[in-house]
Amino acid sequence: MKNLLVIHTGGTISMKKDSATETAGIGSRNPLLETTDTLTDSSHLNVIEPFHKPSPHMTVTDMVYLKKIIEKECSEKGYDGVVITHGTDTMEETAFFLDLTVRADVPVVLTGAMRASNEIGADGFSNLLSAIRTAEEEQAKNKGVLVVFHDDIHTAVDVTKTHTTSAAAFQSPLAGPVGTITPNQVLFRYNPLLQNKLQVDEINKQVALLKAYAGMDSSILLALKDMAYDGVVIEALGQGNLPPQTTQGIETLIRSGIPVVVVSRCQGGFVYPAYHYQGGGSHLRDLGVIFCNGLNGQKARIKLMAALMNTKDRNELIRIMEN
Ligand code: ASP
């Protein structure tokens, strides 16, 4: 019999839909609290609820708090695995942050739902049961933090929410799911490369996330300097290019010691300094822009915040962000 820690944090999986208003929200009591225990008899589930909020209300401070709970509970009580229920909107950010920072050698698995608990076809209970079954698996160890959704198992690094309403809202565009849940098995397909952990006990850095677009200029970049941001991540065009009018702002930020990191606004592929025209990747690299591969903008932002809590040294930042 396995001993699992189940951490409810909120999200649609913990909501009920009001049929009169056709809207869902957080009620006074999480409906999962009544049912979680009844989902399985193959594990003992210890259920806690540090948050009961929609995931757009999650902050990096909440993520640090979750990380501390997981580490403390696992070291004091020796759990075999951790399951976290979470709203889907920011689930990938929390999963990625935990993957980057949590030191625990048991499976940590996040899940949620696209339909509220009282809706027809509510997916929360089956997703939660699948997450529990995954956390019980020996093979789920050493694969990093996992996200289980709609019978697929994803790594925190690769997973992203790709649909606003579908029950199959989560995908791993670059690598595909790392595993699959069948009615009687939890099957893994490959062993993912693991992230290097960062030591983070608090986050007090402000990192902006911008999306590049045709005709973008420097105005927002210059405003970020005036607002004393600590770093900027830009979802750049294609392989990592920006419109020429942005380079003045980028130069100003980098000269002021504010790191600028680019990822791509494309869902697939990698960034690479391939073009030397003004604003092309090669020009940006000459200006001191850091290229971050394999992460989308929201995860690169989390990583840059965590990296900035560890170092101010530019070369060290490059080493962390480029690996
Ligand atoms: N807006 C909800 C949330 O992220 C969506 C969900 O959980 O599916 O909390």
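Counting starts at 1 for both ligands and their atoms, in listed order.
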On the 0 to 90° scale, with breaks at 30° and 60°, tag the F149-F170 ring pair as parallel, tilted or perpendicular. tilted

For ligand 1, find out whether one of its N or O atoms is nearer than 3.5 Å to an N or O atom of I13. no

Where ligand 1 meets P56 - atom numbers and elements under 4.0 angstrom, heavy-atom basis: 3 (C), 4 (O), 9 (O)

Only heavy atoms of P54, strictly under 4.0 Å: list the atoms of ligand 1 that pass. 9 (O)

Quick check: does D89 get an N/O under 3.5 Å from an N/O on ligand 1? yes

Quick test of your reading of the structure: of D123, T12, T9, whose heavy atom lies closest to atom 6 (C) of ligand 1? T12

Could you find the nearest protein heavy atom to atom 9 (O) of ligand 1 and give me its residue, atom name and distance? S55 N, 2.7 Å

Short N-O contact, K67 and E71, less than 4.0 angstrom: yes

Does D105 pair with K141 as a salt bridge, N-O distance under 4.0 Å? no

With respect to T90, determine whether any N or O atom, backbone or side chain, lies less than 3.5 Å from an N or O atom of ligand 1. no

Is it the case that over 12 heavy atoms from other parts of the model lie below 6.0 angstrom from the CG atom of N323? yes

For atom 8 (O) of ligand 1, what is the nearest protein heavy atom, given as residue, atom name and distance? T88 OG1, 2.5 Å

Is atom NZ of K225 surrounded by more than 12 heavy atoms (other residues, nucleotides or ligands) closer than 6.0 Å? no

Does a sphere of radius 6.0 Å around OH in Y272 hold more than 12 heavy atoms from other residues, nucleotides or ligands, not counting ones at 6.0 Å or beyond? no

Which atoms from ligand 1 have a heavy atom of G11 less than 4.0 Å away? 7 (O), 9 (O)

Within the 4.0 Å heavy-atom shell around G87, which atoms of ligand 1 are there? 3 (C), 4 (O), 7 (O), 9 (O)

Has E322 got more than 12 heavy atoms of other residues, nucleotides or ligands less than 6.0 Å from its CD? yes

